[in-house]
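Structure first, commentary second.
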Protein chains: 2
Amino acid sequence: MIYSRSAEYAIRAFVHLASVPPGKFAMAKQIAGEADIPAHFLAKILQQLARKGLLRSSKGPTGGFTLAIAPRDISLCQIVDAVDGLSDYKRCLGGRTECRDDAPCGLHDSWKRMRSSIIDYLEGTSILVVANSLEQKRRALGQLPAQEAPAPRKNGSRKKQ
Amino acid sequence: MIYSRSAEYAIRAFVHLASVPPGKFAMAKQIAGEADIPAHFLAKILQQLARKGLLRSSKGPTGGFTLAIAPRDISLCQIVDAVDGLSDYKRCLGGRTECRDDAPCGLHDSWKRMRSSIIDYLEGTSILVVANSLEQKRRALGQLPAQEAPAPRKNGSRKKQ
DNA sequence: AGAATTAAGGACAAGCATATCGGTTTTTTA
DNA sequence: TAAAAAACCGATATGCTTGTCCTTAATTCT
């Protein structure tokens, strides 16, 4: 797989957080429940991401987590980097920690290209895009009010993108 | 990473095996020594690949392992499939085991494209290509006789590709 | 036939990722 | 001020991957 399960959980949590009104906090337990993620495990991950500055956290009642950066400006890459680190992608598939001149590796060049492609994918995919794609699918299935963000308002001020 | 360490070891062993004369066997311990792989661990992997038909094995003195398929016809994908299985690539990055209609995932479409790209890479890269690339690098470094395959002959019938 | 050598295969150990549990601190609300 | 609620934090459990060890079976060579 491209990234760990922890990173996957983090991404799913971020997608969820992208849909809560700015300024409001969502509880770890609640996110875990809705996204079907082990609660305590997710809490640890979110705490870690709060320490790294991708999330803001608040204790006590009305507390929880909220995005520290706009969904448009958070890429999958930032999350994966914060959770897994990117060292795996710097390692050479041929086994050497790095392709040095005296220890050449037949895979190095082709892997280098593939790796860039993966990194580009992670960097080029923002939480906003993923969240929008998800919302669109749900609307198509009638699981959402249609044409409206999940905020509990009822009138219809269309907003695109 | 794209595949497990076991798969990486297998690929490196295959690259090594591509350079032994056809019909001859190479010992697991010897491959492990030259490729810097834990010997017993590699042996298990090779035995597994022999059971799956990618290698042929022989016991006793003069025994060892040899490729059951021409290097040109073995792709990284076949090896990774035999060692890791490909199920990870069928799984959706959004977390669901499969993107069903009633449980949509915002990542599904973009990941599908990325995944195909990775599979194409693994399928399109043969052991022969990797072995040739490695040999070429070694020649450039003066670690090989230059212009000659590592077979113990001495004349110079150039062969391309 | 016997000794040496190699793969085959089972048991086990170590390390890491994943997951769970309980207590502590901070904050809000009554 | 007390109680409740949430993040925070450490300890522990579990499962999988990686790695080691030892015995057995098959083959070759003397």
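Every chain is numbered from 1 and lettered A, B, ... according to where its sequence line falls, protein lines coming before strand lines.
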Using the 3.5 Å cut-off, write out each protein N or O paired with an N or O of nucleotides 15-18 of chain C and the distance between them.
from   : atom 1 : to   : atom 2 : distance (Å)
C:dT18 : OP1    : A:R5 : N      : 2.9
C:dT18 : OP2    : A:S6 : OG     : 2.8

Extract from the structure each pairing of a protein N or O with an N or O of nucleotides 3-12 of chain D at less than 3.5 Å, listing the distance.
from   : atom 1 : to    : atom 2 : distance (Å)
D:dA6  : O4'    : A:G60 : O      : 3.3
D:dA7  : OP1    : A:A28 : N      : 2.8
D:dA7  : O3'    : A:S57 : OG     : 3.4
D:dC8  : OP1    : A:S57 : OG     : 2.6
D:dC9  : OP2    : A:R51 : NH1    : 3.3
D:dG10 : N7     : A:K44 : NZ     : 3.0
D:dG10 : O6     : A:K44 : NZ     : 3.0
D:dA11 : N6     : A:K44 : NZ     : 3.3

Look up atom CH2 in A:W111 and atom SG in A:C105, then write down how far apart they are to the nearest 0.5 Å. 11.0 Å
Starting at NZ of B:K24 and ending at P of C:dT6, how long is that distance when rounded to a whole Å? 12 Å
Rounded to whole Å, please give me the gap between CG in B:L54 and P in C:dA7. 17 Å
Closest non-hydrogen atoms of B:D73 and B:Q78, given as atom of the first, atom of the second and distance, are O-OE1, 3.0 Å
May I ask you to decide if B:L107's main-chain N or O and B:S110's side chain share a donor-acceptor pair within less than 3.5 Å? yes
What's the separation between atom NE2 in A:H108 and atom NZ in A:K112, rounded to the nearest 0.5 Å? 4.5 Å
Show your reasoning for whether side-chain contact (heavy atoms from CB on, under 4.5 Å) applies to B:F14 and B:I79. CA-CA 9 Å; B:F14 270 63; B:I79 302 174; 3.7 Å; yes
Is it true that A:R12 and A:E34 make a salt bridge, defined as a side-chain N closer than 4.0 Å to a carboxylate O? no
Side-chain (A:K52) to main-chain (A:A82) donor-acceptor, under 3.5 angstrom: yes
side-chain contact (heavy atoms from CB on, under 4.5 Å) partners of A:A18, counting only residues at least two apart: A:L67, A:P71, A:I127, A:A131
